[in-house]
S.K.: 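There's a structure below that I have some questions on.
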Amino acid sequence: MLASVTLWQKPTLLEGAVTMGMLFTLQFVVGNLHKRVPGVTRLVDTRRPLLMDGTEVLCDNLRRANVTEADLRAKLREANVTRLEQVRAVVMESTGDVSVLHAPPDAPPIDKSLLAGGRNGAGPRIWIARHRKCGDEGSSIRV
């Protein structure tokens with residue numbers, strides 16, 4: 001709607017104001033339903049893809065999330081990962097940000113509640129597909 005108003009030859013101020021009002025109202029309604037109705041939460045929230053599980057790069061998830069291995073390596077460097085053994089998990093958040101969870105290899109395992117999502121942090125909302133490892137295709141990320 002907003003695009004059509006901006007693309008009209010001569011949109012009026014009233015048309016633009018009505019369109020913006022409709023968008024704000026829709027956002028308000030969906031936001032409130034999202035907080036109060038669990039079914040809406042499942043429809044509106046996206047599952048967060050797990051891009052790496054430990055040192056294992058999940059190629060299918062990278063492809064579905066439109067993330068290249070070069071982007072993944074850049075995020076690992078940005079998180080100051082110096083060895084792949086430090087990586088516990090790499091998750092693409094619902095906002096599009098990539099979170100790298102890393103620790104020394106001898107540290108305790110990752111708390112699985114950190115990978116939970118959904119309402120009040122309960123329930124797994126991580127998208128895990130382990131059909132094929134990237135290393136099977138000659139991946140440049142290796143352990």
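Only a predicted model underlies this, so the values are computations on that prediction, with no experimental measurement involved.
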S.K.: Scan N80, T55, V81 and name whichever one has a side chain to side chain contact (heavy atoms under 4.5 Å, CB included) with Q86.
M.R.: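 By the side chain to side chain contact (heavy atoms under 4.5 Å, CB included) criterion, Q86 pairs with just one of N80, T55, V81: V81.
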S.K.: Compare all side-chain heavy atoms of E93 with those of V98 and state whether any distance is below 4.5 angstrom.
M.R.: no
S.K.: Do V91 and V100 have side chains that get closer than 4.5 Å, going by heavy atoms?
M.R.: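 V91 does not reach V100 side chain to side chain.
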S.K.: Which is it for R63 and D60 under the side-chain contact (heavy atoms from CB on, under 4.5 Å) test, yes or no, and what are the steps along the way?
M.R.: CA-CA 5 Å; R63 186 174 32 82; D60 288 338; 2.9 Å; yes
S.K.: Going by the rule side-chain hydrogen bond (donor to acceptor under 3.5 Å, both in side chains), which residues pair with D106 if we only count those two or more places apart in sequence or in a different chain?
M.R.: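 Expected list: none.
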S.K.: Using a 4.5 Å cut-off on heavy atoms from C-beta on, say whether the side chain of E56 contacts that of M52.
M.R.: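 No, side chains not in contact.
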S.K.: Within the structure provided, determine whether M22 and T25 are in side-chain contact (heavy-atom separation under 4.5 Å).
M.R.: no
S.K.: Please report the interatomic distance CG(L76) to CD(E69), rounded to the nearest 0.5 Å.
M.R.: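 These two atoms lie 10.5 Å from each other.
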S.K.: Side-chain contact, heavy-atom cut-off 4.5 Å: V90 with L50?
M.R.: no
S.K.: Which residues pass the side-chain hydrogen bond (donor to acceptor under 3.5 Å, both in side chains) test with N66, sequence neighbours left out?
M.R.: none
S.K.: To the nearest 0.5 Å, tell me how far H102 NE2 sits from E85 CD.
M.R.: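 With rounding to 0.5 Å, NE2 (H102) is 14.0 Å from CD (E85).
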S.K.: Is there a side-chain contact between T68 and L72, using heavy atoms and a 4.5 Å cut-off?
M.R.: no
S.K.: Using the side-chain hydrogen bond (donor to acceptor under 3.5 Å, both in side chains) criterion, which residues pair with E78? Sequence neighbours excluded.
M.R.: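 E78: side-chain hydrogen bond (donor to acceptor under 3.5 Å, both in side chains) contacts with K75.
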S.K.: Test side-chain contact (heavy atoms from CB on, under 4.5 Å) on L62 and V57 and set out the steps.
M.R.: CA-CA 8 Å; L62 282 178; V57 178; 3.4 Å; yes
S.K.: What distance separates N61 CG from L51 CG, expressed to the nearest 0.5 Å?
M.R.: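 Rounded to the nearest 0.5 Å, the CG-CG separation comes out at 6.5 Å.
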S.K.: Measure the spacing between CZ of R88 and CG of D111 and express it to the nearest 0.5 Å.
M.R.: 12.0 Å
S.K.: Ignoring hydrogens and angles, tell me if any N or O in the side chain of D71 forms a donor-acceptor pair with the backbone of V67 under 3.5 Å.
M.R.: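 No, the answer is negative, given that no donor and acceptor are paired below the 3.5 Å cut-off.
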